[in-house]
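Contents: one structure, followed by commentary.
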Amino acid sequence: MWLLIVFLSVPIIEIALFIQVGGLIGLWPTLAIVIVTAIAGTSLVRSQGRLALGQLQSSFQRLDDPSEPLAHGAMILISGVLLVTPGFFTDAVGFLLLVPQVRTAVFRFVSARVKMQSFQMGGQMGPMHPRGPAGSGPIIDGEFEEVQPDPAPGHRPGTGPSGWVKDDRHH
């Protein structure tokens, strides 16, 4: 129910803000602000996104819980959508989500209300597939036999192409 209220109230807030700001500064300055915030927001989202991706990769390398860097990345993505959407309210929320301290506060608020039951890095290996040293994966025993290909018709060993390509010299 609350999601319906959000979807109804955000456009109403945006329309009211457009009317108020447009009445104060005029149509063209209002449109210019919307365009400038979209361009500036896109640039900020790009730089913040690179930082979040670096933090996520670092957490994977250290085998740490990646939930916070993933949440930051998701909030940056949401921020980008909000900043590209025309409107003053969505721009304000989008710019707020670009502030790392705000994202951290939102993450802590949400994570205090969500219970994580388990977290596992890497794939699940059953009892039939014991793990060897890191990165080696399961050991597969097998045999092989080296097979020599048949020479192409009319081909003498050591005289040119292998028969896999067309030889224009003999035509």
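Please read all numbers here as calculations on a predicted model, not as lab measurements. In this chain, numbering begins with 1 at the start of the sequence shown.
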**Request:** Evaluate the criterion side chain to side chain contact (heavy atoms under 4.5 Å, CB included) for residue pair Phe95 and Leu44; output intermediate values, then yes/no.
**Result:** CA-CA 9 Å; Phe95 280 120; Leu44 287 169; 3.7 Å; yes
**Request:** State which residue, out of Val99, Ile76, Leu97, fulfils the side chain to side chain contact (heavy atoms under 4.5 Å, CB included) condition with Gln48.
**Result:**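 Testing Gln48 for a side chain to side chain contact (heavy atoms under 4.5 Å, CB included) against Val99, Ile76, Leu97 leaves exactly one candidate, Ile76.
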**Prompt:** Of Ile35, Leu31, Thr30, Thr37, which is the lone residue that meets side chain to side chain contact (heavy atoms under 4.5 Å, CB included) with Ile33?
**Reply:**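 Exactly one option meets the side chain to side chain contact (heavy atoms under 4.5 Å, CB included) with Ile33, and it is Thr37.
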Non-hydrogen atoms of [X] and [Y] that approach each other most closely:
X      : Y     : value
Ser79  : Gly94 : OG-O, 2.6 Å
Phe107 : Ser67 : CE1-O, 3.9 Å
Val34  : Pro86 : CG1-CB, 3.8 Å
Gly80  : Val45 : CA-CG2, 3.6 Å

Shared ILVMFWY cluster between [X] and [Y], side chains joined below 4.5 angstrom?
X     : Y      : answer
Leu3  : Val93  : yes
Leu70 : Phe109 : no
Trp28 : Ile39  : no
Trp2  : Val106 : yes
Phe7  : Leu17  : yes

**Message:** Run Thr104 and His72 through side chain to side chain contact (heavy atoms under 4.5 Å, CB included) and show every step you take.
**Reply:** CA-CA 8 Å; Thr104 301; His72 279 266; 3.5 Å; yes
Atom pair [atom1] ([X]) and [atom2] ([Y]), whose distance is rounded to the nearest 0.5 Å:
X      : Y     : atom1 : atom2 : value
Ile13  : Leu8  : CD1   : CG    : 11.0 Å
Leu53  : Gln57 : CG    : CD    : 4.5 Å
Leu77  : Leu82 : CG    : CG    : 10.0 Å
Ser43  : Leu83 : OG    : CG    : 11.0 Å
Arg103 : Leu96 : CZ    : CG    : 11.5 Å

**Asked** Taking the side chain from Ser59 and the backbone from Leu56, do they hold a donor-acceptor pair closer than 3.5 Å?
**Response**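 Here the side-chain-to-backbone pair exists.
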**Prompt:** Within the side chain of Glu14, is there an N or O that forms a donor-acceptor pair under 3.5 Å with the backbone of Phe89?
**Reply:**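 Yes, because the side chain of Glu14 sits within donor-acceptor range (under 3.5 Å) of the backbone of Phe89.
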**Steps toward side chain to side chain contact (heavy atoms under 4.5 Å, CB included) verdict (Val84, Thr42)** = CA-CA 7 Å; Val84 172; Thr42 302; 4.1 Å; yes
**Item:** Arg62 and Ser58 side chains, donor-acceptor separation under 3.5 Å
**Value:**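 Yes - a donor-acceptor pair under 3.5 Å links their side chains.
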**Request:** Could you list who else is in Ile19's hydrophobic cluster, with ILVMFWY side chains joined at under 4.5 Å, directly or through other members?
**Result:**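 Its cluster partners, ordered by chain and number, are Ile15.
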**Asked** Do Gln20 and Leu24 pass the side chain to side chain contact (heavy atoms under 4.5 Å, CB included) test, and can you show the C-alpha distance, the side-chain angles, and the key distance before you say yes or no?
**Response** CA-CA 6 Å; Gln20 292 295 317; Leu24 287 173; 5.6 Å; no
